[in-house]
Amino acid sequence: MSDRNSTAFLRKKNLNIMMQRIKFVGCIVLLAVFTGCKQKPSEQPARHSQPEALPVQTSTPSSPPLIQPSPANARPSGPIQFTDVTTQAGITFKHNSGAFGKKYLPETMGSGACFLDYDNDGWQDILIVNSMDWPDHKSRKSYPALYHNNHDGTFTDVTHEAGLAVEMYGMGCAVGDFDNDGFDDVYITSVGNNHLFRNLGNGKFADVTAKAGVTDPGFSTSAIWFDYDNDGKLDLFVSHYVDWSIATDQYCSLDNQNKSYCTPQLYKGQSATLFHNKGNGVFENVTKRAGLYDPTSKSLGIAMLDYDDDGWMDLFVANDTQPNKLYHNNHDGTFTDQAVIAGVAYGESGTMRAGMGADAGDFDRTGHQGLLVGNFTNEGLALYRNDGSGLFTDQSLASGVNVPSLKYLTFGALFMDYDLDGLLDIFAANGHVADDISVLQPTLKYEEAPLMFRNKGNGKFEDVTGRLGPALRRAVVGRGAAYGDFDLDGDLDLLLTTNNGPARLLRNDNANQNDMLRVKTVGTRSNRDGIGAKITLKTNKGSRQVAMVHDGSSYLSQSELPVTFGLGKPEDGKTVSLEILWPSGRKDSIPDIKPNQFITVMEGKGLISAHPIVFSPVPSAK
C-alpha cells in the first residue's frame, strides 16, 4: 500500500510524455497488427426477424487504456501461484450473516460477488453483496460494497458515493446493460425484496426496482441477464430457494441438545421468476406464460447455454434436494424442461443431489457446452459432457473430479482457463453449511479449502490445488466465486466470498507466460453487452476454441464479461481468427489477429479497438 502514492506521482510526472506517445504508438500498433483485417460481410441470413439497430450511444465501449509498455515488457517466469492480495488491494469487506444464535436458515447461504466495469474505463471493478442483522437483533448496518479499480493494484470503496448503500439481506448479483445505454446495471437478489440499480453513467446508480417491476419478493438466490427472445434487450431470470420466514423457521438439532441449521427438505420450494424486458425501463412477469412456474424447485445456481446450438438461449438450474432443470427454449417465448431426457436432472446413480453453483463451457473442445455443478458433501462435483445431440453424459467419475471432491461441500463452481493453455479448468469454492458439523462427523470441517482441477486435454482432470501456492490451500467457509483480470496482465484472477467472513482477492501470478487473447463484445442489433454471442477462435497452428459471452454462473456471483482465450506457449508467427455469431443471427469474421491483446469488437463493424497486454503493468502491485 505504501507504493500507491509513489506510483501515482510517477504516473502524473510522465503523463504529458505518455499522452504525446499514445497516439503515435496506437497508430503503429494498429497498422502493424491489423493492416488488412477487415470484417467479412454476414455469411448467412438471420435465423429470425432482425430487431432494429440500436441508436448510437453517448458512451464509448469499455476497453483498457493503452498502457505504454516497458522497453522489455518481459514475460514472467516461475510456477503459477495464486497470491492473496486482499489487504494490499484495499478490500476490507466482511460479510454479515446476521447470526446471533437463532440458527436461521439464510445464515448458512453466504453471498456472492461480481466483477464489472461500471465506469467504462476498461478496468474491472468489484461488487460484493452483503446481508444484514435480523430485525429482532439489530446492532449495526451493513451494505453491499462497490470497489473502484484504481489501475495500480488497489481499489477504493465507493459504495456511498455510487448510491448503493442500501441495507438488505442480500444474496447474489447479476450485471448487464438492460437499457442498452452503454453502462452496465446491477441486480441484487435478497431474502425479501430484490433491487435493480440503473447505472446513470456518472459513477452513480439509481434504484429503479419499483418502476421496473422487478421487486420479486421471496428467498431469491442467483440471477442472470439473458435475451431469451432475441429481440436485442436483456431479460431477467431470478432463481428462488425455499419458502422461509422468521415465523416459519423450523427447529433442528444434531446433538439433541442445541439448535442446528435445518436442511431444505423441511421447507417448501419457491418458483423462479422470468421477467421480460419491454424496452421502456419496465419488465413484465411472464413466468407462467413461459412455462417456468414450478414451486417445487429449490434453486441456487444458474447457467445460460445453447446446448443444442439452435441460436436460442437455454437455461440450466441447479436445485438443492430436487431434480435439476434444463429449460429448452422453444423459440416462441416458452420453455420446456428437458433435464430428465437430457440426463442432467439426477446424479449418475439416479438420485437427487444438493446442487449449488453451476457453469457451462466447452471443456472438451468439441464445440458443445458441457455442464459443471457443485454438490453437497459425499456427492462430489458433477461434470456433464454434451455430445451435441441434445444429450449429456455424466463424466464426473471418469474425468477424475468426483472422488477428490467427495469430502467437500461445493458452492461456487466455474470453468476458467487459469493457466492459459487453451483448455477450461475447474475451480470450486467449498465450505460446509453447519458450523457444528464436526460434533457428529469429526472428519468434516466447517472451513474447507477450495479446489482447482487442471484440464489435461484427454477428458481427464487432475487436482493441482497443492501446487498453486498457500493462498489457494487456505481453508475458508467458501461461497461465491468469480474470475476477472483485475490488473490487466492477461491472466485470470479470483474473487471469493466467505460466509460471515472476509472476501478474498487472489491474484494469478505467472500464468501469462502463455499467450492469450481477450475479447470484449459490443452489440448493436443484439444486446449492448453481446451476452449470448458465440465466439469461435482458430489459430494458424491448427487449434480451435468456442466460447460464449455469458453472465451469471457459479453461485450468487458473476465473472467478468470479456472472454479470455488461452493460447498456450508462445510461437513465432502465431495468429488467430475470430468468427462471432451474435444473438441477432449476424455473423462477423475477423482474421489475422496477433495474440496478447485486449480487443473490442462491435456487431456489424468488426474490430474497433486493440491494446497490447502488458504482462506487468503495475510493478509495485506485482
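These numbers were taken from a predicted model, which means no experiment stands behind them.
Taking CD of Q124 as the reference point, atom OH of Y483 lies at 10.5 Å (rounded to 0.5 Å). With rounding to the nearest 0.5 angstrom, the CE atom of M548 is 11.0 Å from the CD1 atom of I531. Atom-to-atom distance recorded for L472:CG and F82:CZ is 6.5 Å, nearest 0.5 angstrom. In this structure, C114 SG and L495 CG are separated by 9.0 Å, a value rounded to the nearest 0.5 Å. Summarising the geometry, atom CD belonging to E167 is positioned 6.0 Å from atom NZ belonging to K141; distances are rounded to the nearest 0.5 Å. To the nearest 0.5 Å, atoms CD (E603) and OG1 (T524) are separated by 3.5 Å.
Residues Y241 and Q270 fail the side-chain proximity criterion, which asks for heavy atoms closer than 4.5 Å. Using a 4.5 Å heavy-atom threshold, the side chains of D84 and R504 count as touching. Residues P612 and N596 fail the side-chain proximity criterion, which asks for heavy atoms closer than 4.5 Å. Using a 4.5 Å heavy-atom cutoff, the side chains of D125 and D117 are in contact. Annotation: side chain of V563 is not in contact with side chain of T521 (no heavy-atom distance under 4.5 Å). Two residues are said to be in side-chain contact when any heavy atoms from C-beta on lie closer than 4.5 Å; I535 and F565 meet this criterion. Between M416 and L494, some side-chain heavy-atom pair lies under the 4.5 Å cut-off. Between D485 and E560 the shortest side-chain heavy-atom distance falls below 4.5 Å.
When atom types are taken as modelled, the side chain of Y187 and the backbone of V214 share a donor-acceptor pair closer than 3.5 angstrom. In this structure, the side chain of D185 engages the main chain of N199 through a donor-acceptor pair within 3.5 Å. Remark: side-chain polar atoms of T215 are not paired, donor with acceptor, to backbone N or O of N193 under 3.5 angstrom. Here the side chain of S557 pairs a donor or acceptor atom with the backbone of A113 at under 3.5 angstrom. At least one donor-acceptor pair under 3.5 Å links the side chain of S222 to the backbone N or O of L300. A distance-only check finds no donor-acceptor pair linking the side chain of D133 to the backbone of G98 [under 3.5 Å]. Between the side chain of T221 and the main chain of S299, a donor-acceptor pair closer than 3.5 Å is present. Remark: the backbone N or O of S526 is not paired with any side-chain donor or acceptor of S584 at under 3.5 angstrom. Within the 3.5 Å criterion, the main-chain N or O of F155 finds no donor-acceptor partner in the side chain of N149. Without hydrogens or angle criteria, D493 side chain to R507 main chain gives no donor-acceptor distance under 3.5 Å.
The two residues G279 and N277 make their nearest non-hydrogen contact at N-OD1, 2.8 Å. Taking both residues in full, the closest heavy atoms of A358 and A318 are given as CB-CB, 4.3 Å, listed atom of the first, atom of the second, then distance. Heavy atoms only, all atoms of each residue included: V519 and L578 are closest at CG2-CD1, 4.0 Å. Here the closest heavy-atom approach between residue P76 and residue N510 is recorded as CB-OD1, 3.3 Å. Annotation for R479 and F411: closest pair NH1-CE1, 3.3 Å, computed over non-hydrogen atoms. Between F486 and W123, the shortest heavy-atom distance links the atoms O-CE3, 3.6 Å.
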Item checked: side chain to side chain contact (heavy atoms under 4.5 Å, CB included) evaluation trace for L517 with L567 -> CA-CA 7 Å; L517 183 72; L567 300 175; 4.2 Å; yes

Item checked: Derivation of the side chain to side chain contact (heavy atoms under 4.5 Å, CB included) call for L372 and I426 -> CA-CA 8 Å; L372 172 69; I426 290 173; 3.8 Å; yes

Next item on the list: For F205 and L146, run side chain to side chain contact (heavy atoms under 4.5 Å, CB included): C-alpha distance rounded to whole Å, both residues' side-chain angles, the deciding distance at 0.1 Å, then the answer.
Entry: CA-CA 11 Å; F205 291 80; L146 178 64; 4.0 Å; yes

Margin query: Is there a side chain to side chain contact (heavy atoms under 4.5 Å, CB included) between L292 and Y327? Walk through the geometry before answering.
Written below: CA-CA 8 Å; L292 294 174; Y327 291 116; 3.4 Å; yes

Next item on the list: Go through the steps to decide whether T156 and N150 satisfy the test side chain to side chain donor-acceptor pair (under 3.5 Å), and finish with yes or no.
Entry: CA-CA 7 Å; T156 299; N150 297 324; 3.0 Å; yes

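A donor atom on one side chain and an acceptor atom on the other are not found under 3.5 Å apart for H95 and T497. A donor and an acceptor atom, one from each side chain of T410 and N430, are located under 3.5 Å apart. For the residue pair Q545 / T536, no side-chain donor-acceptor distance below 3.5 Å is found, with atom types taken as modelled. Using modelled atom types, one finds a donor on one side chain and an acceptor on the other under 3.5 Å when comparing H151 with D121. Checked by atom type, the side-chain pair S97/S131 shows no donor-acceptor distance below 3.5 Å. A donor atom on one side chain and an acceptor atom on the other are not found under 3.5 Å apart for H276 and N285. A donor atom on one side chain and an acceptor atom on the other are not found under 3.5 Å apart for N527 and N180. S609 and T600 form a side-chain donor-acceptor contact under 3.5 Å, judged by distance and modelled atom types alone.
A centroid separation of 6.0 Å or more is found between the aromatic rings of H550 and F226. F415 has its ring centre no less than 6.0 Å from the ring centre of F427.
Under the 30°/60° scheme for interplanar angles, the aromatic rings of F178 and W225 are found to lie parallel. By the 30° and 60° cut-offs, the orientation of the rings of Y118 relative to H148 is perpendicular.
Between D227 and K233, none of the side-chain N atoms (NZ, or NE/NH1/NH2) sits under 4.0 Å from a carboxylate O, so this pair counts as no salt bridge. A salt bridge is defined here as a Lys NZ or Arg NE, NH1 or NH2 lying under 4.0 Å from an Asp or Glu carboxylate O, and R198 with D181 meets this definition.
Among the candidates D489, D491, D419, the single residue satisfying the side chain to side chain contact (heavy atoms under 4.5 Å, CB included) test with N508 is D491. Just one residue in the list D588, I590, I593 forms a side chain to side chain contact (heavy atoms under 4.5 Å, CB included) with V601, and that residue is I590.
More than 12 heavy atoms of other residues, nucleotides or ligands sit less than 6.0 Å from atom NZ of K94.
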